Amino acid sequence: MSRKKRVKHIFVTGGVVSSLGKGILSASLGALLKSRGLRVAIQKYDPYINVDPGTMSPYQHGEVYVTDDGAETDLDLGHYERFLDEATSQACNMTMGKIYQTVLENERRGEYLGGTVQVVPHVIDEIKSKMLELSKNGSYDVIITEIGGTVGDIESLPFLEAMRQLKLQYGSKNLVNIHLTLVPFIRSASELKTKPTQHSVKMLLEIGIQPDVLVCRSEKTLSKDIKHKIGLFCNLSDSDVVGLCDAETIYEVPQILHKEKLDSLVLKKFGLKSSKSADLTDWITLTDKIKYPKDGIVKIAVCGKYAEYPDAYKSIVEAFVHAGAANNVKVEISWLHSEDLENGVITAEKAMDGASGLLVAPGFGERGIEGKIEIVKYVRENNIPFFGICLGMQCATIEYARNVCNMDMANSTEFTKKTKYPVIDMMEHQKRIKLKGGTMRLGNYPCIIQEGTISYHAYQKNLINERHRHRFELNNAYRDQLIENGLEVVGTSPDGVLVEIIELKNHRWFVGVQFHPELKSRVHKPHPLFNSFIAEAKNYRDGISVTHDQPLFDNQMIKVDNQS
Ligand code: GLN
């Protein structure tokens, strides 16, 4: 790759409707450019006024993705990390709220020297300066910036204006706008319709932006004629119109875009020559494994309070796809509403019927907790593989305290202050915190794992680093009592103070983790704990029992990153 000094920028915008997959497009293009030898970073600009999504309900926003450095971010950053295998950071997710916060702080410091502070130029200038931040550290050749929202929304206008000004300043050789639109198939006419795309390009033109490339989502492959028509009415040559027809799995998108020559098109626009062609062998193998699982289906029950809204558990869903492929199975999730268990709509036995494992999901608040505790009891007593993540681990601890250690009505102080046995309690340093936003124990922290445990065999090492997002923790006042009754504390912070992993010895696979392993599962490096859990669920499905003195999953088979 001949490296030009100047960093190249790709801005991905969306038109017609939301949810067309700008995040997947950005992540896939990033993966393609990386495989062609470029150093790529991706950032997301969200138009809402919240400073970050950390305080938003999952119903509003889906999962909050946490970075190594503890930023609470948009779930698209999860796609970027999974597809690119590059860690994102605080700098990779900007919101309009953060921009305004900075502008207002500057104003209070008197930095605008008596001027009237306005959207143009002050807010736009702040956006531009933030958009360029990642390009300054010399680590990247290409920065992909995804603009949230749909062209035509009032709130994303300042981001688009900032992009327009940067495009003018940098020129088309250095800044390319890829606009993602929809070309709907109208069944009654049996035709693909280009008008919505034309309209959304017109909207961009109205604000002074001529897109350089159009990526058109459609149910059917775009014919040459359709591409020509779109190009003609949107001021583009036919080759600048790229088709992206619906895929069976999101992991097929890099291949589709490569077939459509998007990576070469972008390189050509930048005047870059790549000596390296994209090697998609790993992607092809992965998608084959996802589409045609050799060893059938493994059903996993996932219990959470947002069960009807899987976007709230995006990284868990994807981690199962990765670990399923690594184990040659398709993981079929059966979503369980914790409240349904609590309200007697379904029994734990019925809920686990046909499932080979249970995952109790992370979460906040009291709603559905008793249902989670009930189903943990069922899988513990019936020796069914169990994986508890964050709140899931806390529920497992409460269940064990109540039903094995005879601590009647043991609970977490998150749900009641009245309990006699607060086995889960707020971490000491959290008790002094008043502000809600960005104040949890967030990001990467080390954990030491005891040898000979399920977790050790999964990671095959003692020292791991995992990401966190919590305020509560296993209460050390009860640690000894829990251990005396058979609960194993197999992972702690290096100083031994915070409990990070619990297991049960006389159970085939019972692991609760205070951290969020799902955030580190990558497309070609499934997470060791998910691999091990699915391997054991598969054994359970097949009626195979194994001892836990060796790894359940052979990490050598794939490029597992042992979370150093
Ligand atoms: N609500 C719990 C806590 O704050 C668990 C958080 C989570 O599951 N991410 O500790």
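Both ligands and their constituent atoms are indexed starting at 1 by order of listing. Keep in mind it's a predicted model, so treat the numbers as computed, not measured.
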Parallel, tilted or perpendicular: which one describes the rings of Phe83 and Trp283, with boundaries at 30° and 60°?
tilted
Run the ring-ring contact (aromatic ring centres under 6.0 Å, His included) check on Tyr251 and His322 step by step: do they pass?
CA-CA 10 Å; Tyr251 300 116; His322 310 157; 5.4 Å; yes
Where does the angle between the aromatic ring planes of His61 and Tyr48 fall among parallel (under 30°), tilted (30 to 60°) and perpendicular (over 60°)?
perpendicular
Under 3.5 Å, N or O to N or O, is Leu391 touching ligand 1 that way?
yes
Flag Cys390 as yes when one of its N or O atoms lies below 3.5 Å from any N or O atom of ligand 1, and as no otherwise.
no
For ligand 1, which atoms sit closer than 4.0 Å to a heavy atom of His516?
9 (N)
Using heavy-atom distances only, which candidate in Gly363, Pro362, Ala361 approaches atom 5 (C) of ligand 1 most closely?
Gly363
Could you tell me, atom by atom, which parts of ligand 1 come under 4.0 Å of a heavy atom of Arg471?
3 (C), 4 (O), 10 (O)
Which heavy atom of the protein is the closest neighbour of atom 10 (O) of ligand 1, given with residue, atom name and distance?
Phe472 N, 2.8 Å
Apply ring-ring contact (aromatic ring centres under 6.0 Å, His included) to the pair Trp335 and Tyr306, showing each step before the final yes or no.
CA-CA 9 Å; Trp335 293 101; Tyr306 305 105; over 10 Å; no
Going by the order shown, which atoms of ligand 1 are within less than 4.0 Å of some heavy atom of Arg469?
6 (C), 7 (C), 9 (N)
Heteroatom proximity flag, Gly365 to ligand 1, N/O under 3.5 Å
no
Would His527 and Phe320 count as a ring-ring contact (aromatic ring centres under 6.0 Å, His included) if you check the C-alpha gap in whole Å, the side-chain angles of each, and the deciding distance to 0.1 Å?
CA-CA 9 Å; His527 192 282; Phe320 276 139; over 10 Å; no
Which of the ligand 1 atoms, numbered from 1, are nearer than 4.0 Å to a heavy atom of Glu414
1 (N), 2 (C), 3 (C)
Below 4.5 Å, heavy atoms only, C-beta onward: do Ser532 and Ile454 meet side chain to side chain?
yes
Quick one: do Lys377 and Glu399 make a salt bridge, cutoff under 4.0 Å?
no
So, does Gln394 sit close enough to ligand 1 that a heavy atom of it is under 4.0 Å from the ligand?
yes
